[in-house]
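Below is one structure, written out as C-alpha cells; comments come after it.
All heavy atoms count here, side chains included; hydrogens, waters and symmetry mates do not. Here the structure is a predicted model, which means the values were calculated and not measured.
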Amino acid sequence: MNSLHLKALLLATEGSISSAARQLGKKQPQVSQWISDLEIELGVEFFERTGNQTRLSQAGRQLLPHLTHTLSQFDQFVKSAEMLAKQEPTVLRIGIENYIPDLAFTQPLAVTLDLAQISVEVYRANLSQLHQDLSLGSVDIIITHESDIIHHTDFQYCRLGYYQEVLVCSPVHPLAQLPIVSSAVLGEYRELVWGEAQQNVPPLQDNMTGFSASYSLFSDIQPLIAMLKHGKGFAFLPAELVAAEINNEKLLVLQCDFETEAIDRRIELCWRNGLALSQYGSQVIDAFKVNHQLINKTL
C-alpha cells in the first residue's frame, strides 16, 4: 500500500479526483487507477460512481477519519525522521526555576507550542538543580534568576530582563501605619516567604538571609497571600502576583529606607551548547528573547 496513493485518496475526498491529480502534479487517469487499486486491495468502494459523477460512499465516510489520522501520523513520522537526520531535536526540555513569575515564560512557551514538529516538556526546579541538568545535557533550555556567576562556561546564556518585587502587607498590619519602614522595624514582625524547604539546607538559603528571625515559608503563593491579607506578616513578592490585591486595597506597598523603589529581579535564559545551531532550537531561543514580558532597561 503506497502512502502517495492514500494521500491521493484523501485529496479526492476533500474535493475531486481531478483536483487531487492537479495538487499532486499527476494525470487524472493515473490517480483514478490508484484509488481503484486501493478499493480492490481493501475490498471497499470509497466512491459511488454515476456516469461522470462521483461522491463519497457511506463506507468512505466511515473510513475518512481513520485515513486523515493515519496520514497525519505518517507525516509526523516523516518529519521526525528528517529532523533526526539533520540532528534536530524532536523533544525539547525546558526547565524553569521555582518562583519565577509567569511573565518570563508564558508567551515564549505559547510560541514554542506552535512548532508542531517538536514535543515540549516543561518542569520547575531550584537553581542549582537546573544548572546541573543543563551541564549534564538532560535539559535544553533553562530560565533562572540571574546567578552570582559572572560568566557561564558550560552553556550559552543571555540576560532577558527583570521583574519588580515589592514589599507588601495588609492595610491593618502595624507596618502599614509607618511612612518609612526600616530593616530594624521589619525584624519585629513575621516575614512570609515564598519558597520551599529543602533537606540538609539551612532555612532561607539561596542568598536570602531574611529580615526577621520569625518567618513562615510557603511553597504555594495563594496561602501566603491569604495570610498577608489577614495581617499575619509582610512579604517581598513579584509585583504582578499581588497587583490585583494592591488595586483592591487588600494589600499595601510599603516604602522602606533600604530600597526606595521596587526591587529589580533579573532573569537569565541559558541553553545547552549547540542548540542554537539547530533550526528549531534557534527558533525557541529567539521566542524567549523576543516574546517574554519582562522589563528591559533602555540605556
Side-chain angles (χ1 to χ4, degrees), residues 96-107 109 123-128 130 143-148 160-199 201-268 292-297:
I96 302 170
E97 185 184 350
N98 294 329
Y99 316 118
I100 286 183
D102 294 355
L103 55 80
F105 57 83
T106 299
Q107 290 300 325
L109 279 179
Y123 71 102
R124 279 193 182 268
N126 60 46
L127 178 61
S128 58
L130 290 174
I143 301 97
T144 68
H145 289 98
E146 188 174 61
S147 66
D148 294 332
L160 290 181
Y162 65 95
Y163 66 90
Q164 293 190 317
E165 197 170 68
V166 291
L167 173 61
V168 291
C169 71
S170 166
V172 302
H173 193 279
L175 288 172
Q177 311 310 314
L178 302 177
I180 300 293
V181 177
S182 67
S183 57
V185 172
L186 285 179
E188 300 175 11
Y189 301 98
R190 181 182 299 274
E191 181 174 3
L192 308 185
V193 181
W194 188 28
E196 187 169 351
Q198 300 181 44
Q199 293 182 349
V201 178
L204 299 183
Q205 50 88 42
D206 282 349
N207 302 321
M208 181 177 64
T209 57
F211 290 91
S212 175
S214 176
Y215 70 92
S216 295
L217 193 62
F218 296 82
S219 61
D220 190 338
I221 188 66
Q222 294 305 322
L224 189 157
I225 292 176
M227 291 301 99
L228 277 176
K229 292 192 289 187
H230 277 80
K232 300 305 180 181
F234 66 90
F236 289 88
L237 294 173
E240 71 151 337
L241 296 182
V242 289
E245 286 76 12
I246 293 171
N247 291 335
N248 294 329
E249 299 183 348
K250 300 294 184 181
L251 293 178
L252 176 71
V253 177
L254 298 173
Q255 301 298 317
C256 47
D257 59 1
F258 52 91
E259 290 285 355
T260 57
E261 297 180 353
I263 304 171
D264 296 344
R265 301 296 189 196
R266 298 193 63 84
I267 299 296
E268 284 184 338
H292 69 79
Q293 295 175 296
L294 297 164
I295 303 169
N296 284 308
K297 289 184 176 177

Check: Looking only at heavy atoms, what is the nearest atom pair of Pro171 and Lys250, with distance?
Finding: CD-O, 3.2 Å
Check: After noting the C-alpha distance and the side-chain angles of Ile143 and Glu97, does the key distance pass the side-chain contact (heavy atoms from CB on, under 4.5 Å) rule?
Finding: CA-CA 6 Å; Ile143 301 97; Glu97 185 184 350; over 6 Å; no
Notebook entry, point to check: Within a radius of less than 6.0 Å around CD of Glu249, do more than 12 heavy atoms belonging to other residues, nucleotides or ligands occur?
Noted result: no
Checklist line | Derivation of the side-chain contact (heavy atoms from CB on, under 4.5 Å) call for Leu228 and Ser170 | finding: CA-CA 6 Å; Leu228 277 176; Ser170 166; 5.9 Å; no
Next item on the list: Could you tell me which residues satisfy ring-ring contact (aromatic ring centres under 6.0 Å, His included) with Tyr163, sequence neighbours excluded, listed by chain and number?
Entry: His145
Item checked: Nearest atoms (heavy-atom pairs only) where Cys169 meets Ala176 -> SG-N, 4.0 Å
Note to self: What's the separation between atom CZ in Phe234 and atom CD in Glu191, rounded to the nearest 0.5 Å?
What the structure shows: 4.0 Å
Check: How long is the gap from CG on Leu167 to CG on Leu252, to the nearest 0.5 Å?
Finding: 9.0 Å
Note to self: Measuring from atom CG of Asn296 to atom OH of Tyr162, what distance do you get when rounded to the nearest 0.5 angstrom?
What the structure shows: 8.0 Å
Notebook entry, point to check: side chain to side chain contact (heavy atoms under 4.5 Å, CB included) with Thr106: which residues, sequence neighbours excluded?
Noted result: Asp102
Next item on the list: Return the minimal non-hydrogen interatomic distance between Gln177 and His173, and the atom names on each side.
Entry: NE2-O, 3.8 Å
Return all side-chain donor-acceptor pairs below 3.5 angstrom for residues 218-227, not counting sequence neighbours, or 'none' if the list is empty.
residue, atom, partner, partner atom, Å
Asp220, OD1, Gln222, N, 3.1

Next item on the list: Would you please name every residue forming a salt bridge (Lys or Arg N to Asp or Glu O under 4.0 Å) with Glu268, sequence neighbours left out?
Entry: Arg159
Check: Gln164 and side-chain contact (heavy atoms from CB on, under 4.5 Å): which partner among Ile263, Ile295, Leu294?
Finding: Ile295
Check: Going from OG1 on Thr144 to CD1 on Ile96, what distance comes out if it is rounded to the nearest 0.5 angstrom?
Finding: 11.0 Å
Item checked: salt bridge (charged side-chain N to carboxylate O under 4.0 Å, His left out) partners of residues 230-243, not counting sequence neighbours, each pair once -> none
Notebook entry, point to check: Atom CG of Leu251 and atom CG of Leu241: how far apart are they, to the nearest 0.5 Å?
Noted result: 11.5 Å
Notebook entry, point to check: If you round to the nearest 0.5 Å, how far is CG of Leu130 from CG of Asn98?
Noted result: 7.5 Å
Item checked: salt bridge (Lys or Arg N to Asp or Glu O under 4.0 Å) involving Arg265 - partner list, sequence neighbours excluded -> Glu165
